[in-house]
Amino acid sequence: MGVIALMSGEIRVRFAPSPTGKLHIGGIRTALFNYLFARTKKGKFIIRIEDSDFERSKDEFVIDICESLKWVGLDWDEGPLKEDYNTKNEYFQSQRLDTYKSKADELLNSGKAYRCFCSHDRLKELKDIQRQRKDAVFGYDGFCRNLTPQEITEKLNNNEKFTIRIKRPDTPEISFCDLIRGEISFRSDTLDDFIIIRSDGRPVYNFTVVVDDYLMGITHVIRGEDHISNTPKQIILYKLFDWRIPEFGHLPLIFGDDGKRLSKRHGAVSILEYKKEGFLREAILNYLALLGWSYDSEREIFSKEELIELFEISKISKTAARFSIDKLLWFNCLYIHELSREARLSILIPFLKDAGIISELTDHVKEKLFAIIEIAGDRIKKLPDLNFYAKPFFFKPEEFNEKGVRKFLKAENIQVIKHIGKLFKEIDEIDFKREKIEEIIKIESETSGIKSGKIIQGLRVLLTGGMISAGLFETIEIMGRDEVVRRIEMFQ
RNA sequence: GGCCCCAUCGUCUAGCGGUUAGGACAUCGGAUUCUCAGUCCGACGGCAGGGGUUCGAUUCCCCUUGGGGCUACCA
């Protein structure tokens with residue numbers, strides 16, 4: 001597949017998650033930058049599932065990862081089947097074990113790698129000694145590097161287990177030019193003859209990555225900064241195979257708002273949890289794009305299409321960023337209010353249904369919801385926020401805010417409100433509009449000598465149960481004459 | 001311990017030798033409204049420290065400090 005593409009000069013990038021957990025903010029951001037890079041360059045965006053760790057890899061996480069990517073709109077050109085994420089195809093490392101084995105054999109046969117029969121115990125002992133001696137570098141001592149062919153056959157005949165290690169080349173330095181950080185170089189004597197195949201025959205991460213990236217024709221490896229130290233090992237492998245080395249770009253990490261590594265402590269981990277909590281994909285994408293990337297000193301609102309148009313990898317910053325829920329909320333608010341009323345309603349309905357506020361969406365309910373959404377306005381920062389504002393329109397208050405009752409529903413106040421209820425009752429339903437309602441309340445305030453603010457707040461508590469709501473006159477209008485009158489009459 | 005990466009307001013960032021160090025979120029104040037939210041206006045607030053280089057350093061170099069990563073038969 002990819003090797004041919006490589007010759008054509010096509011840009012190919014990949015996002016290679018391991019299905020050992022749900023896809024979180026950091027993963028999505030890495031995927032996003034890969035996606036943007038691919039789309040900007042008219043290249044291909046590939047998903048590869050790194051499930052070579054059988055114990056920790058789970059199918060449910062593959063589903064979570066794919067659904068997350070799909071939800072935020074990062075469409076892949078190659079990768080797991082979109083109809084069925086768990087039909088494992090050649091983009092799952094678990095399906096490529098033969099490939100890794102044959103590539104390892106190539107190195108073995110050409111003398112660039114060797115079998116190591118050292119036991120776990122010896123290795124552990126070696127490390128202990130090195131640590132005790134305070135050696136500058138810890139690592140394998142090359143004990144099995146120069147076994148004679150006879151020794152090897154003997155051990156093989158004895159059924160001794162072995163790993164495959166590469167022979168570290170003795171170039172003094174390994175360096176590469178990072179797309180984001182520039183020149184990075186490592187003294188190669190800090191590396192050892194590392195393992196590429198475990199004693200049970202399974203390949204190791206640094207090996208599978210290189211084999212896959214080469215075979216899949218990956219031209220640019222864009223990944224988290226935590227992989228910088230893996231890069232020299234991988235470069236060694238490219239050189240041993242005599243393969244073309246791709247470009248590398250290492251993204252700054254994302255931390256929680258406390259500066260620590262992102263984890264469950266920081267609230268939502270999976271991106272799908274953000275969906276459940278009522279965040280819009282546009283907000284998440286926009287926010288994440290700005291975590292480590294910027295366009296200029298002014299602009300910060302970007303649609304996915306605009307990002308594709310304007311994204312430049314060279315403008316990615318080198319410093320790790322903290323995830324700020326406040327700013328995400330701000331973006332979310334922004335994007336919610338950009339939605340047309342129809343779009344807003346249809347995206348809000350699942351949340352209303354979930355909360356049991358509506359069950360069936362009749363035309364009547366729909367009209368009511370349109371009105372409620374309109375008056376709730378900017379108060380909705382996350383999608384479920386509407387539930388709070390919508391509930392009083394569908395349910396009578398179960399209880400009343402204690403402080404509100406004490407302050408705004410004193411006897412004299414109730415008297416006025418009851419009177420207002422009577423006046424409402426006399427109004428023709430067609431005339432029951434916010435202006436008229438306001439007029440009545442203002443007049444009653446004047447004649448009774450009670451400040452309108454007190455009456456309004458009292459009515460708010462009586463009708464909604466709480467101290468906070470959308471504008472009261474609008475609320476009353478939408479709640480409807482009969483319901484409002486009923487609630488006023490029933491209040492004791 | 002070793003190797004590597006990073007360092008501008010509380011946070012995200014612009015800056016690429018000469019700027020009153022710009023913007024956004026958050027915070028605080030004012031205006032507006034019936035509460036809340038919003039909106040508008042305003043305020044607060046930053047180049048980690050020390051050496052160089054230079055006529056001149058936030059910017060280039062070195063050291064220190066701080067943060068982070070890797071150092072596995074995890075990925």
Side-chain angles (χ1 to χ4, degrees), chain A residues 16-21 50-53 55-57 93 116 118 120 123 127 130-131 133-139 161-165 178 181 184-187 189-192 194-200 202-206 208-209 224-233 250 252-253 255 257 259-261 287 290-301 315 317-331 333 337 376-381 385 389 404 408 438 441-442 451-461 464 466-473 475:
Chain A
S18 59
T20 53
E50 308 219 321
D51 57 351
S52 64
D53 181 355
E55 291 94 55
R56 293 199 297 146
S57 296
Q93 290 192 324
C116 169
C118 292
H120 277 100
L123 260 22
K127 190 164 281 176
Q130 287 170 334
R131 192 160 289 153
R133 274 205 311 242
K134 296 193 171 152
D135 281 5
V137 274
F138 311 149
K161 293 233 171 198
F162 63 88
T163 59
I164 299 179
R165 290 181 184 273
D178 194 276
R181 282 149 220 282
I184 296 176
S185 66
F186 293 81
R187 284 170 44 204
D189 59 10
T190 61
L191 270 17
D192 65 352
F194 58 89
I195 292 171
I196 55 172
I197 302 286
R198 299 184 180 87
S199 53
D200 63 2
R202 285 161 49 215
V204 149
Y205 167 77
N206 277 311
T208 59
V209 175
E225 187 185 21
D226 47 340
H227 287 289
I228 292 180
S229 312
N230 284 323
T231 309
K233 291 186 185 174
H250 289 96
L253 263 20
F255 294 114
D257 52 9
K260 297 271 184 279
R261 258 187 119 131
Y287 174 63
L290 256 27
L291 226 45
W293 177 85
S294 65
Y295 177 63
D296 61 18
S297 59
E298 300 291 317
R299 182 170 174 191
E300 56 177 6
I301 310 294
K315 301 195 93 172
S317 80
K318 298 179 198 144
T319 53
R322 293 184 189 208
F323 178 80
S324 151
I325 194 77
D326 281 335
K327 188 108 189 210
L328 210 210
L329 270 172
W330 181 78
F331 274 113
C333 201
H337 299 291
D378 289 331
R379 276 165 267 245
I380 301 170
K381 292 185 152 189
D385 290 348
Y389 294 100
F408 301 108
E438 178 171 5
I441 292 173
K442 289 275 156 75
K451 276 193 183 156
S452 65
K454 275 200 161 180
I455 297 175
I456 287 167
Q457 198 60 1
L459 265 166
R460 191 189 313 280
V461 173
T464 69
M467 301 269 271
I468 295 166
S469 82
L472 186 78
F473 313 132
T475 298

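Throughout, protein chains are lettered first and strands after them, A, B, ... in sequence-line order, and every chain is numbered starting at 1.
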Of the listed nucleotides [options], the one nearest the side chain of [X]:
X      : options             : result
A:V204 : B:G2, B:G22, B:C73  : B:C73
A:S199 : B:C73, B:A75, B:A72 : B:C73
A:K442 : B:C73, B:A75, B:C34 : B:C34

Selection: residues 451-461 of chain A, any non-hydrogen atom under 4.0 Å of RNA chain B:
A:I456, A:Q457, A:R460
Using side-chain hydrogen bond (donor to acceptor under 3.5 Å, both in side chains) as the criterion, list what pairs up with A:K381, not counting sequence neighbours.
none
Does A:R165 have any side-chain hydrogen bond (donor to acceptor under 3.5 Å, both in side chains) partners at least two apart in sequence or in another chain, and if so, which?
none
On the side chain of A:S229, is there an atom forming a donor-acceptor pair with the base of B:G69 - under 3.5 Å, no angle test?
yes
Is it the case that the base of B:A75 and the side chain of A:N230 share a donor-acceptor contact (distance under 3.5 Å, atom types as modelled)?
yes
Closer than 3.5 angstrom, by distance alone: can the side chain of A:E50 be matched with the main-chain N or O of A:Q93 as a donor-acceptor pair?
no
State the pairing partner of B:C25; accept Watson-Crick or G-U wobble contacts with both distances under 3.5 Å, and report none otherwise.
B:G10
How far does CD1 of A:I441 sit from CZ of A:F473, to the nearest 0.5 angstrom?
5.0 Å
How many angstroms lie between atom CG of A:L328 and atom SG of A:C333, to the nearest 0.5 angstrom?
12.0 Å
Per-nt protein contacts along nucleotides 6-17 of chain B (heavy atom under 4.0 Å; B base, S backbone sugar-phosphate only, - none) come out as SS---SSSS---
Produce a footprint string for nucleotides 42-49 of chain B: one letter per nucleotide, 5' end first; B if the base is under 4.0 Å from any protein heavy atom, S if only the sugar-phosphate is, - if neither.
--------
Under the salt bridge (charged side-chain N to carboxylate O under 4.0 Å, His left out) rule, collect the residues that match up with A:K442, sequence neighbours excluded.
A:E438
Below 4.0 angstrom from OP1 or OP2 of B:C3, is there any side-chain N or O of A:R187?
yes
Ignoring backbone atoms, test whether A:R261 places a side-chain nitrogen or oxygen under 4.0 Å from the OP1 or OP2 oxygen of B:G69.
yes
